[in-house]
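Each remark here refers to the structure printed beneath this line.
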There are 2 protein chains.
Amino acid sequence: MGEKRQKRSSGNGDFTRNRVFEIAAEVFHRKGYDNTSMSDVASAAGLTKAGLYHHISSKESLLYTVLDYGLDLTEAYVIKPLEDISDPLDRLKTMIDLHLRLVLEERNLEVTGLLHECKTLSGSDRSRINRRKKEYIRMAASIIGEVTKKYNVKDVNPKLAAYALLGMLNWTYQWYKVSGSNTREEIVRTFQRIFLQGILGNAWIDRQAKVATH
Amino acid sequence: MGEKRQKRSSGNGDFTRNRVFEIAAEVFHRKGYDNTSMSDVASAAGLTKAGLYHHISSKESLLYTVLDYGLDLTEAYVIKPLEDISDPLDRLKTMIDLHLRLVLEERNLEVTGLLHECKTLSGSDRSRINRRKKEYIRMAASIIGEVTKKYNVKDVNPKLAAYALLGMLNWTYQWYKVSGSNTREEIVRTFQRIFLQGILGNAWIDRQAKVATH
DNA sequence: TCAGACCTACCGACCGATCGGTAGGTTAAC
DNA sequence: GTTAACCTACCGATCGGTCGGTAGGTCTGA
């Protein structure tokens, strides 16, 4: 947001367009999508409404772009890095870490926070977003399933556990303040402990004891 | 919702008013507050807009009433019953049970689900709602603190744990379907296990073993 | 090199629709 | 006849979106 205002010229279309997306994400997050008028977005971007509409086609498409970008972030910052981790428990532990770092980062929070209130999207747009969200849940449940299998935990439904975990992680946007008293590291540590000890029990406790003596 | 349409008459004011609140909660929940027009609420209640305004003073006050009622429900269905339970662990376990039963009940979901998107409220209304919400968080953290103290758990921050728990519980409104494959009982059992074993570890496992042999 | 065609980027003014809310009248019960 | 419970008809404001037009850069050909 610290970028200098560019002189009007041809050829910097993508620059302005991306700037519009960033600003729209911030304004939508701050005021809520429905409470944000296109004039609000325009003036926050240093444009008039007509000027804004030169870059986008509709308010809804603007929201869709922002939400889709939020899912791109999730893929880049969480899903992709996990592919390199072979041990299920390490993968799950890292997933909690990366997911929290994503949603607690101020710049990303503006985007990812919006993902939970996309009722406004209609038809195909909404189902495209929902499909990507469900894929993420599926991934989480799959990791949890591998972990419980490896440690022989029988009485945990992976899908339900995934819902519990995503609730813990995503709910942070309701209470986390960057300037608050909880550091990100403390949150990560606490949530990892609650969830992993929660599903694994003794297996987790033994492992922690082993790590401590090394 | 199954109530017969009443003939116009004097003296049934409270009846109609409460009906308006219930219907407004349902419509707000289904379409979102900002996307719901007062004509929508009115026609859902079998009134015209002017007729609706005979019973309420503004759209915002209507939302406030609904949210406040949601917190009344929480107090009646969760907070009050807990006061009779002296053992901290029992109290925490029961709280998870009651909270889930509250938010998974279709009729209440319409009201409690709205509590998470009250950005629209302005000034004193919002702070009044937020105060009651914070009181609930404080209560949860306090119970957790008692439990960890009793079982000598040192490395769990009760406030952070409370946020984790409320995340698990409240996030259900994002995925729970009454007709879905998970029964309420299964959800309650799983969430109790994950959270209680998550913060207590061996103490919880030992206790479960003891209960099983009795 | 320079005129002119063409482009992107943007603006002021405006549109139809819809919003929350109201003024003032009507009906029915007591 | 008073009053609660509604109605029809309307208001000003604001919404998402568009229109015609313009400033100024770029490309092309003579």
With a 4.0 Å cut-off on heavy atoms, is B:Thr36 in touch with a base, just the backbone sugar-phosphate, or nothing at all? sugar-phosphate

Just to be sure I understand the rule, does B:Ser58 reach a base, reach only the sugar-phosphate, or reach nothing, if contact means heavy atoms closer than 4.0 Å? sugar-phosphate

Check salt bridge (charged side-chain N to carboxylate O under 4.0 Å, His left out) between B:Arg184 and all other residues, then give those that pass, not counting sequence neighbours. B:Glu105

Residue pairs meeting salt bridge (Lys or Arg N to Asp or Glu O under 4.0 Å), one or both in residues 154-183 of chain A, sequence neighbours left out, come to A:Asp155-B:Arg193

Among residues two or more places apart or on two chains, list those pairs meeting salt bridge (Lys or Arg N to Asp or Glu O under 4.0 Å) that have a residue in residues 41-64 of chain A.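 Found none.
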
Electrostatic pair B:Arg30-B:Glu26, nearest N-O below 4.0 angstrom: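 Salt bridge: yes.
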
Separation of [N] [atom2] from [X] [atom1] (nearest whole Å):
| X | N | atom1 | atom2 | result |
| --- | --- | --- | --- | --- |
| B:Lys59 | C:dT18 | NZ | C1' | 12 Å |
| B:Tyr53 | D:dC10 | OH | P | 20 Å |
| B:Leu52 | C:dG20 | CG | P | 10 Å |
| A:Tyr33 | D:dC15 | OH | C1' | 12 Å |
| B:His55 | D:dA4 | NE2 | C1' | 9 Å |
| A:Asp34 | D:dG16 | CG | C1' | 13 Å |
| A:His54 | D:dG24 | NE2 | P | 16 Å |
| A:Lys31 | D:dT14 | NZ | C1' | 12 Å |

Strictly by side chain to side chain donor-acceptor pair (under 3.5 Å), give each pair with a member in residues 38-47 of chain A just once, sequence neighbours left out.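 For residues 38-47 of chain A: A:Lys31-A:Asp40, A:Ser37-A:Asp40.
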
Would you mind listing every side chain to side chain donor-acceptor pair (under 3.5 Å) that reaches into residues 72-93 of chain B, with sequence neighbours excluded? B:Asp72-B:Arg132, B:Glu75-B:Arg132, B:Asp87-B:Lys150, B:Asp90-B:Arg207, B:Arg91-B:Glu146

Might you confirm whether atom OH of A:Tyr69 has over 12 heavy atoms from other residues, nucleotides or ligands at distances under 6.0 Å? no

Please compare A:Asp40 and A:Ser57 by the position of their nearest nucleotide in DNA chain D and report the one closer to 5'.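 In this pair, the answer is A:Asp40.
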
Identify each atom pair where a protein N or O and an N or O of nucleotides 12-14 of chain C are less than 3.5 Å apart, giving names and distance.
none

